[in-house]
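Structure first, commentary second.
Both ligands and their constituent atoms are indexed starting at 1 by order of listing. Computed over heavy atoms, backbone and side chain alike; hydrogens, waters and symmetry mates excluded.
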Amino acid sequence: MRIAAIVPAAGLGVRLGPGTAKALRDVAGTPLLVHAVRGLWSTSLVEAVVVAAPPQRTGEFEDVLARGVPDARVHVVGGGVTRQRSVAAGLEAVDSLGPVDAVLVHDAARAFVPVAVVERVVAGLRAGSAAVVPVLPVADTIKRVADEDVVTGTVDRSTLYAVQTPQGFRLDVLRCAYAETAVEATDDSALVEALGVPVTVVEGSEEAFKVTRPLDLLLAEALLERR
Ligand code: CTP
Ligand code: MG
């Protein structure tokens with residue numbers, strides 16, 4: 001099975017606070033994006049990586065990747081104003097890679113995903129699933145809150161899972177999901193669900209957390225020190 005990766009990295013990182021584009025923020029002296037692409041490439045499970053960068057900064061992103069992951073086959077494309085549009089731009093570029101059977105869509109911001117998680121997603125694809133996502137059980141109790149700041153209910157946590165990346169898809173299925181969609185979703189599997197195609201779950205990892213807020217940078221530094 002020939003697998004390509006699409007890495008949306010065109011976000012601004014507003015929640016991380018002032019600074020350069022989130023994907024270029026250093027963790028232990030190396031840009032987040034380089035950590036993410038190295039992590040995928042080191043699995044030897046993907047044939048090429050398409051990175052969606054902020055449209056005005058594709059040259060800069062190419063340089064950073066050429067320096068940081070010189071052995072990887074990487075293509076940089078201009079991303080869009082939403083994550084979904086960035087993935088769509090990456091999906092178009094997959095055409096130029098030659099024959100590809102499946103794609104892994106992986107957030108640059110989940111730069112420290114363990115190899116085992118990538119392997120579980122790929123194993124699911126190889127076993128015949130059209131869509132595979134890594135998940136973790138929700139740890140917090142979840143409340144429903146009304147406009148008036150009043151709790152209106154407690155959600156049964158036992159069936160709730162937080163979804164991570166990489167999310168694996170048969171290429172034809174993801175293409176169809178993107179062609180059909182009329183909604184804006186925060187992950188790709190939601191678009192596949194809308195087609196009525198079953199989405200399989202595999203075990204994720206706490207180390208696949210998304211660098212979102214300043215505290216996550218501290219966590220990332222600590223994680224790399226321990227590794
Ligand atoms: N992303 C993207 N294109 C966008 C928005 C997001 O490629 N227009 C990417 C981000 O670069 C990130 C992933 O989607 O790798 C997950 O998004 P998120 O964690 O929300 O990152 P940002 O959008 O950069 O952060 P924020 O929402 O705080 O601005
Ligand atoms: Mg965002």
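- Closest to atom 15 (O) of ligand 1, if we only count protein heavy atoms, is Pro8 O, 2.8 Å.
- Remark: ligand 1 atoms within the under-4.0 Å shell around heavy atoms of Ala109 are 15 (O).
- Counting non-hydrogen atoms of neighbouring residues, nucleotides and ligands closer than 6.0 angstrom, the CZ atom of Arg227 exceeds 12 such neighbours.
- Val64 is listed as a side-chain neighbour of Val34, based on a closest heavy-atom distance under 4.5 Å.
- The contact set between ligand 1 and Ser86, taken as ligand atoms under 4.0 Å from a residue heavy atom, comprises 2 (C), 3 (N), 4 (C), 7 (O), 8 (N).
- At a heavy-atom distance under 4.0 Å, no atom of Val7 approaches ligand 1.
- Atom 13 (C) of ligand 1 has Asp107 OD1, 3.4 Å as its closest protein atom, hydrogens excluded (heavy atom only).
- Using a 4.0 Å heavy-atom cutoff, Gly13 is listed among the residues neighbouring ligand 1.
- Of all protein heavy atoms, the one lying nearest to atom 19 (O) of ligand 1 is Lys210 NZ, 2.7 Å.
- Looking only at protein heavy atoms, the nearest one to atom 27 (O) of ligand 1 is Arg15 NH2, 2.9 Å.
- Contact detail for Leu104 and Gly168: the closest heavy-atom pair is CD2-CA, 3.8 Å.
- The shell of residues lying under 4.0 angstrom from ligand 1, judged by heavy atoms, includes Ala9.
- Side-chain polar atoms of Arg120 and Ser205 form no donor-acceptor pair below 3.5 angstrom.
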Walk me through whether Val197 and Arg170 qualify under side chain to side chain contact (heavy atoms under 4.5 Å, CB included). CA-CA 11 Å; Val197 172; Arg170 246 174 43 207; over 6 Å; no

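- The protein heavy-atom contact nearest to atom 14 (O) of ligand 1 is Arg83 CG, 3.5 Å.
- Close N/O approach between Thr212 and ligand 1 is not found [any backbone or side-chain N/O within under 3.5 Å].
- Judged by distance alone, with hydrogens and angles left aside, the side-chain atoms of Ser42 form a donor-acceptor pair with the main-chain N or O of Gly39 at under 3.5 Å.
- Within the 3.5 Å criterion, the main-chain N or O of Gly80 finds a donor-acceptor partner in the side chain of Ser86.
- Under the 3.5 Å distance criterion, the side-chain polar atoms of Asp107 are left unmatched by any main-chain donor or acceptor of Arg110.
- Protein non-hydrogen atoms do reach within 4.0 Å of atom 7 (O) of ligand 1.
- Interface of Val14 with ligand 1, defined as ligand atoms under 4.0 Å from a residue heavy atom, comprises 26 (P), 28 (O), 29 (O).
- Looking at Ser158, its side chain never comes within 3.5 Å of a backbone N or O of Asp156 through a donor-acceptor pair.
- With hydrogens left out, the protein atom closest to atom 23 (O) of ligand 1 is Gly11 CA, 3.9 Å, a heavy atom.
- Against a heavy-atom cut-off of under 4.0 Å, Leu12 is close to the following atoms of ligand 1: 24 (O).
- Glu47 contributes no side-chain N or O that, together with a main-chain N or O of Ala4, makes up a donor-acceptor pair within less than 3.5 Å.
- Inclusion of Ala108 in the set of residues having an N or O under 3.5 Å from an N or O of ligand 1 is warranted.
- In this structure, CG in Asp187 is found 7.0 Å from CZ in Arg83, a value given to the nearest 0.5 Å.
- Counting heavy atoms under 4.0 Å from ligand 1, residue Lys22 touches it through the side chain alone.
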